[in-house]
Protein chains: 2
Amino acid sequence: MTVLKDVSGGVALWRRIADAIRLDIVGGKLAEGDRLPTEAVLAERFSANRHTVRRALAVLAQDGVVGAEQGRGTFVRNARRLSYPIGKRTRFREGLKGQASSLTSVSLSNRLENATAAVAKALDIRSASKVVRLEGMSLADGVSISRSTTWLPYRRFPDFAERIARFASTTETFASYGIEDYARASTRISARHADVEETKLLGLAPGAILLVSEAVDVDAEGVPISYALSRFPAERMELVV
Amino acid sequence: MTVLKDVSGGVALWRRIADAIRLDIVGGKLAEGDRLPTEAVLAERFSANRHTVRRALAVLAQDGVVGAEQGRGTFVRNARRLSYPIGKRTRFREGLKGQASSLTSVSLSNRLENATAAVAKALDIRSASKVVRLEGMSLADGVSISRSTTWLPYRRFPDFAERIARFASTTETFASYGIEDYARASTRISARHADVEETKLLGLAPGAILLVSEAVDVDAEGVPISYALSRFPAERMELVV
DNA sequence: TCGATTTGTCTAATGTAATAGACAACTAAT
DNA sequence: ATTAGTTGTCTATTACATTAGACAAATCGA
C-alpha cells in the first residue's frame, strides 16, 4: 500500500480558512457590518500566505458573506443562516416560516421500487416490498436549502406522488389518507461532503459540507409512514433539536 | 475582486471519492467483508483516473475501513460508526455505553472568564459575568471521538473543575451541588471542517468534517446550568435524535 | 499450467495550490 | 499634501493533484 506522507487531508488551505471565517460570522463573533482583520493579520493567524487568505476571502465575497473595499478593509455583508427545528412534531414549512419570505418545494421525480434493507428496516416492512420513492428539493428566497429523498410504503400510499403534487404539502397529503396527525419517531444526523449531483442541484461548490438527516415519521398508532433522507448545506442551514 | 474560474471547491477529488465510498460503507450499502468494485470500475463511476481512486482507497485503508489484497480485490474491513443519542435526558457516558468497551474523558484545561454575549445568552446570565470554562475531549477504545468546551455560571459552580476531576462524571458532579436531575433544553447542530487544533487533538486529517453540537442543560426548575459546544468527527460519530 | 482479472509500482506530463516579494491604487487621518 | 495602512495586481517558484500509459505481481478458475 502506498505510504501516505500526505498531511493536507485533501482539503485546500484556502478552503479551510474560508470555512473558519464563515464560522466566525455565522457564529456571531463577527456581526453584519463589522470589519474583518486585515489580510496580513489573517494570514498570520492561519499561518498562511496573504494570497491564500485572499483566495478564501474571494470565495466568501462571491457568496455575498463579505465584501472587500480597497484602502478600507473587508466587511461582513450577510451573516444569515436558517435554523430548522427538529422535534416530535417536525413540519418542514412551519419550521422555516418567518425565516424566509418565500419557500418553494420542487418535486424532481418519483418512482416505484423495491425496498432496500435499510428502507425496509426504517419503514418496518418486508425487505424488497414495494415502496414509493420521491426525489425533491426546496428553496428559500430562491436559494436552494435542501435535497431530499423520501420513501413511503406503496401498499398504503400507492398514489402519494400524484396527491402531493396536488396538495403541495406533506401534512395535507397525509391528511387525505386519513392521517390527521403524525410524529417524528427518530432523526439520525450525520455530515459529509456533497457529491456531484448535489453540488449541481443545490448550487454549491464541489466539496461543500452537507448536514444529512435520516428521519422516520409515524402515524398516531406508531406505524412508520415515511422515511426521508434530507441533505442541507451546512453553510446555509443548522438543525435545532 | 479576483474572478474565480475555480470549480473544484478546494476539496481534492480523491478526498471526495474517499468520502463517497466511506458513506456507502457506514450507510450499509457495503457490509463488512464485502468486496468493493474494482479500481477500474470505481474510476469510471467517479469519472476519475484509477490512480486517483487508489489514493482514496489508500486513505480508507489507513483508517482501517477497507483493505486491499493483490490479485483478489479490496474488501470492507470495519464499518463501525458510533451513535450518540440526543434527547431530553442526554448523558454522554450512558449514551455510548455498549458501543465501545472503554470510554475515557480527558480534561484539558479550565479557567475563569467573563461570559461572551453568546455564552451569557445561553446560560441566561448577565453579559461579562463570571463563568467557568472547561476544555475536554473523550476517547472510545482509544480513539478520540469528541472535543468539547463547556461553560457554567461561576456563582453557582465556583469549583466545578475540581469536583468533576474528583467524580469523573458530569451527572455525579451536578449531584454534588444538589442537582439530582437535569435535562437538555436545546441542541443546535451544525457541521464544518476541523481547525488546526482540533485536527491535532482528535487525530484527524486536516479538513476532516466535524458535527458541532451546542447544547444547553437546565436543572429541574428550568434554570440553565451548562452550555456545551461539542465537536464530533463525522467519520466516527453520528447523532441520533 | 495457462489466462483472465485484479492490485502494486514506476515514469511522465499538465494544471492547481501555496508561498514569496514587489509595487500600484485607494482611504482616512494628520 | 503627506503618510500610514489597506486592498488589488503582477511575476515567479515549489509542492501537490490529476491524468495517462505500461508492466510487474498475486489470485483464481478453467
Side-chain angles (χ1 to χ4, degrees), chain A residues 1-21 30 33-62 65-77 193 196 205-207, chain B residues 1-21 30 33-62 65-77 193 196 205-207:
Chain A
M1 184 55 48
T2 316
V3 174
L4 293 180
K5 54 186 170 185
D6 174 84
V7 78
S8 87
V11 179
L13 181 54
W14 62 262
R15 176 60 199 274
R16 283 177 275 154
I17 293 173
D19 285 354
I21 295 174
L30 290 166
D34 282 4
R35 205 189 84 170
L36 272 67
T38 68
E39 294 172 351
V41 170
L42 288 171
E44 186 164 11
R45 173 181 305 172
F46 293 111
S47 306
N49 190 273
R50 182 176 153 231
H51 295 291
T52 308
V53 169
R54 280 179 62 72
R55 176 142 197 204
L57 291 174
V59 172
L60 293 175
Q62 226 188 19
V65 176
V66 303
E69 295 176 29
Q70 189 167 355
R72 297 193 62 218
T74 306
F75 299 83
V76 178
R77 287 256 189 280
H193 283 127
V196 178
Chain B
M1 187 52 50
T2 316
V3 174
L4 293 180
K5 54 187 168 185
D6 174 83
V7 77
S8 87
V11 179
L13 182 53
W14 62 262
R15 175 62 199 272
R16 283 176 275 154
I17 293 173
D19 285 354
I21 295 174
L30 290 166
D34 280 5
R35 206 189 82 169
L36 272 66
T38 68
E39 295 172 352
V41 171
L42 289 170
E44 185 162 14
R45 172 181 308 174
F46 292 110
S47 306
N49 190 276
R50 182 178 151 229
H51 295 291
T52 308
V53 169
R54 281 179 60 73
R55 174 138 197 209
L57 291 173
V59 171
L60 294 174
Q62 223 185 21
V65 176
V66 304
E69 294 174 31
Q70 189 166 355
R72 298 193 61 218
T74 306
F75 299 83
V76 178
R77 288 260 188 279
H193 283 128
V196 178

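The chains referred to below are lettered A, B, ... by the order of the sequence lines, with proteins before strands, and numbering in each begins at 1. A quick note: this is a predicted structure, and the numbers were derived from the prediction, not measured.
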Requested in this report: Considering just the side-chain nitrogens and oxygens of A:T52, establish if one lies under 4.0 Å of OP1 or OP2 belonging to C:dT19.
Outcome: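 Yes, within the criterion.
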Query raised in the report: Between D:dG5 and A:T38, is there an OP1 or OP2 to side-chain N/O distance shorter than 4.0 Å?
Result: no
Between atom [atom1] in [X] and atom [atom2] in [N], what is the gap in whole Å?
X     : N      : atom1 : atom2 : result
A:R15 : C:dT16 : CZ    : P     : 18 Å
B:R54 : C:dT6  : CZ    : P     : 14 Å
B:Q70 : D:dA24 : CD    : P     : 13 Å
B:E69 : D:dA25 : CD    : C1'   : 15 Å
B:R55 : C:dT7  : CZ    : C1'   : 18 Å
A:F75 : C:dA28 : CZ    : P     : 8 Å
B:L13 : D:dA20 : CG    : P     : 12 Å
A:W14 : C:dT19 : CH2   : C1'   : 17 Å

Query raised in the report: Which one, D:dG8, C:dA18, C:dT6, comes nearest to the side chain of A:A12?
Result: C:dA18
Requested in this report: Could you work out which one of C:dT6, C:dT9, D:dT18 sits closest to the side chain of B:R35?
Outcome: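 Shortest atom-to-atom distance from the side chain points to C:dT6.
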Determine whether [X] and [Y] make a side-chain contact, defined as any pair of heavy atoms from C-beta on separated by less than 4.5 Å.
X     : Y     : result
B:R16 : B:W14 : no
A:L42 : A:I21 : yes
A:L36 : A:L57 : yes
B:V76 : B:V65 : no
B:I17 : B:T52 : yes
B:V11 : A:R15 : yes

Extract from the structure each pairing of a protein N or O with an N or O of nucleotides 28-30 of chain D at less than 3.5 Å, listing the distance.
unit_1: D:dC28; atom_1: OP1; unit_2: B:R72; atom_2: NE; d: 2.8

Requested in this report: Could you name each residue pair satisfying side chain to side chain donor-acceptor pair (under 3.5 Å) that touches residues 42-51 of chain B, not counting sequence neighbours?
Outcome: B:E39-B:R50
Query raised in the report: How close do A:A48 and A:L13 get, heavy atom to heavy atom, and via which atoms?
Result: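 Taking A:A48 first and A:L13 second, the nearest heavy atoms are CB-CD2, 3.7 Å.
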Requested in this report: Determine the minimum heavy-atom distance between B:A56 and B:A18, stating which atoms define it.
Outcome: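 In terms of heavy atoms, the two residues are closest at CB-N, 3.6 Å.
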So which protein N/O to nucleotides 20-22 of chain C N/O distances come out below 3.5 Å?
unit_1: C:dA20; atom_1: N6; unit_2: A:H51; atom_2: NE2; d: 3.2
unit_1: C:dG21; atom_1: O6; unit_2: A:H51; atom_2: NE2; d: 2.4

